[in-house]
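Comments concern the structure below.
The chains referred to below are lettered A, B, ... by the order of the sequence lines, with proteins before strands, and numbering in each begins at 1. These numbers come from the heavy atoms of this one structure, side chains and all, not from hydrogens, waters or symmetry mates.
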Amino acid sequence: MKKIYFSDLEQYFNQEIELQGFVDKIRDLQYVQFVVLRDSSSKVQVTIEKNDENKAMNDVISTLTKESTVLVKGLLKESPNVKLRGMEMIPSSFVITSLSEEELPIDILAYTNTSNQELRMDNRFLDLRQEKNYMIFKAQTLAEMAMREYWIKNNFIEIHSPKILGTASESGAEVFKLDYFGKTVYLAQSPQFYKQMAMASGFNNVFEIAPAFRAENSHTAYHATEFTSVDCEISWIQSHHDVMDMEEAVCKNVLKKVKSEMNEDFKRVFKEDINDSDVAFPRIPFAEAKKIIQENYKYIGEKEFDFDRKEEELIGLYAKKKLNSDFVFVIDYPFEARPFYHMLDETTGKTKSFDLLYKGIEITTGAQREHRIEILKKQAVQKGLSLESIDFYLNFFRYGVPPHGGYGFGLTRFLMRLFNIDNIREVTFLYRGPNRVNP
RNA sequence: GGUCCGGUGGUGUAGUGGUUAACAUGCCAGUCUGUCACACUGGAGAUCGCGGGUUCAAUUCCCGUCCGGACCGCCA
C-alpha cells in the first residue's frame, strides 16, 4: 500500500485507510486515549475509546512512547470538535513499528525547543524531525530544481568535476591535504578550473552542484569546511553583465518556485511571506558602494580593496531601503581583491567581476574570465603564482577558448538568508567545521 | 588564528564559601467522561565539565585543562 501523506487526508474521509508516522503526542485519559501522529507533511489525531472491545489497543497505547513509529489501520472521520484539522482516525488496529526510548536527548517541542545547538547537532536526526527544519531542506530541493530547470532550458550541461586534485588549485583559501597511495593530493576548494575547462571543450554552458572543501579555521556563523557550491560558467559573453543577467534570472526563478510551492507553510511557521519581488537587482560599482556606505551610514571599512562584514550588511540595507531589493550586485572590484583569472577592463583598470549580496551577506562571486593566455600568464605572475603550478590550467587556453564567465553560489548561505536563520549549521544537513566532523 | 564569554537533574535556566542546590519543561505512577501545549496529585532524576590550589569547609574564589559559543580575519 502506498504511503498516505497526512496533508492529503481530507481526500479519505469515511474510508478505511492505513497510516504510518511518528507519535507526536499521547493523551491517555480515563475513558479515552488520543494519539497525535506526525509525518513530514502534517499531523492527525487517532482516537481510541477505552472499552472491552478495544482492550488490546488500549494496552498497546499505555506502553507507547512519544516519537515511536506506528502503523494504524482504521476509519478516518470528519470531526469538527477536534481542533487539529477537524478530523480523527478511529483505529481497528494499532501496531508499534519502532518503540522510542522514554526521554529524548534534546527538546524538539515547537513551543519550548531550547536545547543548545551543539546538542542538537549531536542528535541531528532528532533535530531534523521538527517541521521548520524539514522545510529548509524542502526549500533547498526546490531551489536546486528551479536552477536546473532554468539551466536545462538554456542549453547547459551538468558536470561532475573531481574533488581529488593533484595540485592545489586556485590559491587563496587553504586546501586540505590527503594521503593518496603515498602521494599528497588535495581536496577541491572550487571547481573553478574544471568548469573553465568545459568552456575550452566547447560545452557552451555548464553547471555543477557539488561539495567544496576549505581548510580555513573559521569560527563564524557562515563558514563551513565542507559546503555545497553551485557553480556555473557560460561561453560567448561580452562582459560580466551577461553573467549577472543569467544569475539574476536564475535567482528569480528559484524564489518564484520556492514561493509557489511552500509560501503557505512558510508563512504559518515563520510568520512572513517569501519575497519573490520582480525588482531588477541593482548593480553598484565597488568604488561607488564604498561612497554610498560612507555617506549614508558614516562608516569607513578597514579594507581598501574589499568590504568587511559591516560594509556588506550596510550595502545590503541600502539596497533594501533605497532600492527595494533583497539582492545587490557589487561590481568592478579592484584587481587587488580578486584572483588572477578575473578579466580586467582595459579602460577602467578594474576587474570585470561582481559579488552578489543577498540580505547583506555575500552569496556569490563571479566574473568574466581572462581567456587570452598571454594576459592570463601576466596576471598569474602579478599574483605571485608560478606558471608551472598552473600549467595544466594554462593548457586549456592554448588551442582556442571562447570568451566566458561564470559564478559560484553558496547554497547554504542563500538558505540562511531565505529563512532569516543566522547560523549556517542550521541550514546544513550535517555541518562540517573546524571542530565538528561527526555525526 | 586573535579577542571576549560560558559549562549546574534528560532539556533549558536560577542560585550559593556552610543544613535537603531552586524553577520550568520532559520522564514515571496515580486520579480524571473527548483531550487538543489536557488538567490535578505524587515520585524518580545533579559526584554543579575535568584536574589542582586557597580554606575548618569550594558547585561558588584562584590557576590549569578540555569542550562550546560570539565577534574579527579568510571566503561561498
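Among the protein residues, A:Leu29 comes within range of the nucleic acid bases, having at least one heavy atom under 4.0 Å from a base atom. Among the atoms of the strands shown, none is found under 4.0 Å from any heavy atom of A:Ile361. Residue A:Thr220 is in base contact, counting any heavy-atom pair closer than 4.0 Å across all strands shown. Across all strands, A:Asn116 comes closer than 4.0 Å only to sugar-phosphate atoms, never to a base (heavy-atom distances). In this structure, A:Asp28 reaches the bases: a heavy-atom distance under 4.0 Å links it to at least one base atom across the strands shown. When heavy atoms are screened at a 4.0 angstrom cut-off, A:Lys310 is found touching no nucleic acid atom at all. A:Ala224 comes within 4.0 angstrom of a base, heavy atoms only. A:Leu119 comes within 4.0 angstrom of sugar-phosphate atoms only, judged by non-hydrogen atoms across all strands, and of no base.
Pairing analysis of RNA chain B (Watson-Crick: purine N1 to pyrimidine N3 plus N6-O4 or O6-N4; G-U wobble: N1-O2 and O6-N3; both under 3.5 Å) yields stems of 3 or more pairs at B:1-7 with B:66-72, B:10-13 with B:22-25, B:27-31 with B:39-43, B:49-53 with B:61-65.
Under 4.0 Å is where a charged nitrogen must lie from a carboxylate oxygen, and between A:Lys66 and A:Asp24 no such pair does. A salt bridge links A:Arg309 with A:Glu312: at least one charged nitrogen is closer than 4.0 Å to a carboxylate oxygen. A salt bridge between A:Arg120 and A:Glu426 is present, with a side-chain N of the basic residue lying under 4.0 Å from a carboxylate O of the acidic one. Under a 4.0 Å N-O distance rule, the pair A:Arg283/A:Asp332 does not qualify as a salt bridge.
Side-chain atoms of A:Arg413 lie closest to B:C75 of the nucleotides B:A70, B:C75, B:G12. The side chain of A:Glu102 lies closest to B:C28, out of B:C28, B:G34, B:C72. Distance from the side chain of A:Tyr222 is smallest to B:C74 among B:C27, B:G34, B:C74. Picking from B:A70, B:G26, B:C74 the nucleotide with the shortest atom distance to the side chain of A:His223 gives B:C74. The side chain of A:Glu118 lies closest to B:G68 when the candidates are B:A70, B:C27, B:G68. The A:Val32 side chain lies nearest to B:G34 when the options are B:G68, B:G34, B:C74.
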Review point. Between A:Lys43 and A:Ser41, does a side chain to side chain donor-acceptor pair (under 3.5 Å) hold up when you go through it step by step?
Key: CA-CA 7 Å; A:Lys43 296 180 185 180; A:Ser41 69; over 6 Å; no
Please write out the pairs of protein N or O atoms and N or O atoms of nucleotides 21-25 of chain B separated by less than 3.5 Å, giving the distance to one decimal.
none

Hey, what are the protein-to-nucleotides 64-66 of chain B N/O distances that come in under 3.5 Å?
none

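Going from the C1' atom of B:G73 to that of B:U11 covers 35 Å, rounded to whole Å.
The side-chain hydrogen bond (donor to acceptor under 3.5 Å, both in side chains) test applied to A:Arg148 returns A:Glu158, not counting sequence neighbours.
Scanning atom types as modelled, one donor and one acceptor separated by under 3.5 angstrom connect the side chain of A:Ser218 and the base of B:C74.
Side-chain contact between A:Pro403 and A:Met199 is absent, with no heavy-atom pair separated by less than 4.5 Å.
Of all the residues in residues 61-78 of chain A, A:Lys66 reach under 4.0 Å from RNA chain B with at least one non-hydrogen atom. For the segment residues 82-97 of chain A, the set of residues with a heavy atom within less than 4.0 Å of an atom of RNA chain B comprises A:Val82, A:Lys83, A:Leu84, A:Glu88, in numerical order.
The side chain of A:Thr365 contributes an N or O atom lying less than 4.0 Å from OP1 or OP2 of B:A76. Contact annotation: A:Arg425 side-chain N/O to B:G69 OP1/OP2 distance is under 4.0 Å.
Checked by atom type and distance alone, the side chain of A:Thr225 never pairs as donor or acceptor with a backbone atom of A:Ala215 at under 3.5 Å.
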